[in-house]
Participant: 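One structure is given below, represented as structure tokens, and several questions about it will come after.
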Amino acid sequence: MLDIRLIREHSEQVIARLAARGGEAHLRIHDILDCDKERRATETKLQHLQADRKRISKEIGMRKAKGEDTSNVEAEVRALGEELTRLNEMSAHWDERQKDLLLQLPNLPHEGCPVGADAEANPEIRNWGTRPSFSFTPKSHVELGEKLGLFDFERAAKISGSAFVCFKGAGARLERALLNFLLDLHTRDHGYTEVSTPFVVRPEALVGTSQLPKFEEQLYRCDRDELYLAPTAEVPVTNLHREEIVALEELPIRYAAYTPCFRREAGSAGLGTRGLIRMHQFDKVELVKITTPETSAQELEALTQDAERVLQILGLHYRTIELCTGDIGFGSTRTYDIEVWAPGQDGYLEVSSCSSFGDFQARRMNLRFKDQDGKNRFCHTLNGSGTALPRLMVALLETYQQADGTVLLPKILQPYFGAERIG
RNA sequence: GGUGAGGUGGCUGAGUGGUCGAAAGCAGCGCUUUGCUAAAGCGCCGUACCCUUUAAAGGUACCGAGGGUUCGAAUCCCUCCCUCACCGCCA
């Protein structure tokens, strides 16, 4: 959520920054300013009237204590009541409208965020490793997985519909090996604290991290209990500290969490992504940071490095791109995507998206810290995948496949998996 | 799911219709005094919004949330949420 004062006092800059995103968000600033004007005018009127009532009521109290008759003054206050009720309703109405408008408004891209219309304009920041070469035509993970009996889409569809998978045998074991490897890496080597959170969340949590109110149709909802399935660990983990005033010494907070992620992927059904690449449920290890505004930029760089390290250790070729203003996510000020090379796809797959949200989410969840001067200020929040599991598995299977159809695992995974190869 | 207790400022905790934004203590900040590493005294010390703005000063709201009663609600009534305890059920 943007600061209404920022919008009020620097509306031209806000409009320009939002316009860089494309879309129509910047057109709503004038509505918001009108609303803000009405809201404040109403509030001022209301407050003057309340001051009158308060003053007279106190007077009644004092005069009653002396035993005086106050019936005529009481009538005077009673007369204020109707107008007071009306103004109260008006004030609440404008308040709510302003909040609705602000919640629908995306974050301002960071000044350093490259300007561009769409994904075509995303610059490559760096790349690591080289594309592996094969003496044969590399197979897709789907074919490899079928031959090796790693997963079963048909039976998963029988119980849950399309775009669900059932890992089995070595596939299930590989999934578990990867999870353990990722959590160990981030907690032991990168200094994150492991958390294991609930997977279902209340609507307030989703408002906090800005999945709601705008992206309701992407979420699975449990109507009976007003709960949603978390689309990413970002939601439960970042909201862990909602409504808190964190001590300065506790920052930065760094969390790593494994969760399954549930996404309806509305509007992208039948997009022709076979296999593990786009599913309604997938596992992910997420990295979340809560920082001061002063350190968030460097923490984003570090977070991205931490995610990249996964691919380096596994020996997988990847590139890191920065999302331009036209491609960046709703709540983000700055985002790096890490894309791993998948030989069987003959393309790169996004396995991590590392973002800084500035104080956008912190404002929504009222997450603050006390600074050196004892002032309460909003924290900055960041998160990135470290990494998504199924796509990592795709790259791994396709990169390390052998001519005989088996898959030779990288050294680091062998003890986790319990064998050096699959098949 | 049932019964009971409870939710007050950074923390502890008083306050059951009027001058209560709220006692007291702790923590924090400032000053003074004494001075072997600490104590004593005094003062300050919530948040949001509105108005104004260089600043200051003012105003309103906030005692879990939302309604209601009343001239007036932390205090009375209703609904909901959460916490704790015990019982029930259960992996």
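Computation of the quantities below employed the complete heavy-atom set of this structure, encompassing side-chain atoms and omitting hydrogens, waters and symmetry-equivalent molecules. Below, read A as the first sequence line, B as the second, and so on, with proteins coming before strands; counting in each chain starts at 1.
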Participant: Is the positively charged end of A:Arg173 above the ring of A:Phe417, judged by distance under 6.0 angstrom from the centroid and angle within 45° of the axis?
Facilitator: yes

Participant: Can you tell me which stems RNA chain B forms when a stem means 3 or more consecutive Watson-Crick or G-U pairs under 3.5 Å?
Facilitator: B:1-7 with B:81-87, B:10-12 with B:24-26, B:28-33 with B:39-44, B:46-50 with B:58-62, B:64-68 with B:76-80

Participant: Find which nucleotide of RNA chain B each of A:Glu9 and A:Asp3 is nearest to by heavy atoms, and output the residue with the more 5' nucleotide.
Facilitator: A:Asp3

Participant: Using only side-chain N and O atoms of A:Arg39, determine if any of them is under 4.0 Å from OP1 or OP2 of B:rC50.
Facilitator: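 Answer yes for this pair, as a side-chain N or O of A:Arg39 is under 4.0 Å from OP1 or OP2.
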
Participant: Calculate the interatomic distance between A:His48 atom NE2 and B:rU52 atom C1'; express it in whole Å.
Facilitator: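 For the pair A:His48 NE2 and B:rU52 C1', the rounded distance is 11 Å.
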
Participant: Would you mind classifying the nucleic acid contact of A:Arg5 as base, sugar-phosphate or nothing, using non-hydrogen atoms under 4.0 angstrom?
Facilitator: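 Since only primed, P, OP1 and OP2 atoms lie under 4.0 Å of A:Arg5, the category is sugar-phosphate.
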
Participant: Is it true that A:Glu154 and A:Lys158 have a side-chain N and a carboxylate O under 4.0 angstrom from each other?
Facilitator: no

Participant: B:rA22 and B:rC45: how far apart are their P atoms, nearest whole angstrom?
Facilitator: 11 Å

Participant: Locate the shortest heavy-atom distance separating A:Pro410 from A:Leu396; write the atom from each residue and the value.
Facilitator: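 Taking every non-hydrogen atom into account, CG-CD1, 4.0 Å.
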
Participant: Does this structure show an ion pair linking A:Glu24 with A:Arg28, if we count only N-O contacts that are shorter than 4.0 Å?
Facilitator: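 Between A:Arg28 and A:Glu24 there is no salt bridge, as every charged N stays at least 4.0 Å from the carboxylate O atoms.
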
Participant: For atom C1', what is the distance between B:rU69 and B:rU54, given to the nearest Å?
Facilitator: 48 Å

Participant: Nearest whole angstrom, please: distance from the C1' of B:rG66 to the CG of A:Asn88.
Facilitator: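 Value for this atom pair: 13 Å.
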
Participant: Between A:Arg368 and A:Arg55, which residue's closest nucleotide on RNA chain B lies nearer the 5′ terminus?
Facilitator: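 On the 5' side of the pair lies A:Arg368.
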
Participant: Distance check: side-chain N/O of A:Arg8 vs OP1/OP2 of B:rC50, anything under 4.0 Å?
Facilitator: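 For B:rC50, OP1 or OP2 has a side-chain N or O of A:Arg8 closer than 4.0 Å.
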
Participant: If we take the P atom in both B:rC77 and B:rA23, what is their distance in whole Å?
Facilitator: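 Approximately 25 Å lies between the P atom of B:rC77 and that of B:rA23.
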
Participant: Drop me the distance from A:Asp327's CG to A:Asp337's CG, to the nearest 0.5 angstrom.
Facilitator: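 Answer for the CG-CG pair, A:Asp327 versus A:Asp337, is 7.5 Å.
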
Participant: In a check of side-chain contact (heavy atoms from CB on, under 4.5 Å) between A:Leu102 and each of A:Lys99, A:Gln104, A:Gln98, which one passes?
Facilitator: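 So the option named by the test is A:Gln98.
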
Participant: Can you tell me, in whole Å, how much space there is between the P of B:rU19 and that of B:rU60?
Facilitator: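 That atom pair is separated by 13 Å.
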
Participant: With rounding to whole Å, what would you report as the distance between B:rG1 and B:rC80 at their P atoms?
Facilitator: 12 Å

Participant: When you check the gap from the basic side-chain N to the acidic O, do A:Arg221 and A:Glu226 get nearer than 4.0 Å?
Facilitator: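 Salt bridge between A:Arg221 and A:Glu226, a charged N being under 4.0 Å from a carboxylate O: no.
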
Participant: Given B:rC49, B:rC51, B:rA61, which nucleotide is nearest the side-chain atoms of A:Lys54?
Facilitator: B:rA61

Participant: Identify whether the distance between the nearest side-chain nitrogen and carboxylate oxygen of A:Asp36 and A:Arg39 falls below 4.0 Å.
Facilitator: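 Looking at A:Asp36 and A:Arg39, the cut-off is met.
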
Participant: Find out whether A:Cys166 and A:Phe151 are in side-chain contact, i.e. whether some heavy atom of one side chain is under 4.5 Å from a heavy atom of the other.
Facilitator: no

Participant: Less than 4.0 angstrom from a charged side-chain N to a carboxylate O is my criterion; do A:Arg97 and A:Asp100 meet it?
Facilitator: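 Here A:Arg97 does not pair with A:Asp100 in a salt bridge, since their nearest N and O are not under 4.0 Å apart.
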
Participant: Nearest whole angstrom, please: distance from the C1' of B:rC49 to the CG of A:Asp36.
Facilitator: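 After rounding, the gap between these two atoms is 11 Å.
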
Participant: Is there a residue in residues 243-254 of chain A whose heavy atoms reach under 4.0 Å of RNA chain B, and which residues are they?
Facilitator: none

Participant: For atom C1', what is the distance between B:rG68 and B:rG28, given to the nearest Å?
Facilitator: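 Going atom to atom, C1' in each nucleotide, I get 41 Å.
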
Participant: Assign a letter to each nucleotide of nucleotides 69-74 of chain B from its 5' end: B, base within under 4.0 Å of a protein heavy atom; S, sugar-phosphate only; -, no contact.
Facilitator: --BS--

Participant: Pick the C1' atom in B:rC44 and in B:rA38, then give their distance to the nearest Å.
Facilitator: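 Straight-line distance between the two C1' atoms is 23 Å.
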
Participant: Looking at A:Arg264 and A:Glu217, is there a salt bridge between them, counting it only when a charged N and a carboxylate O are closer than 4.0 Å?
Facilitator: no

Participant: Tell me, do A:Phe215 and A:Phe330 make a side-chain contact under 4.5 Å, heavy atoms counted?
Facilitator: yes

Participant: In whole Å, what separates the C1' atom of B:rC62 from that of B:rU8?
Facilitator: 11 Å

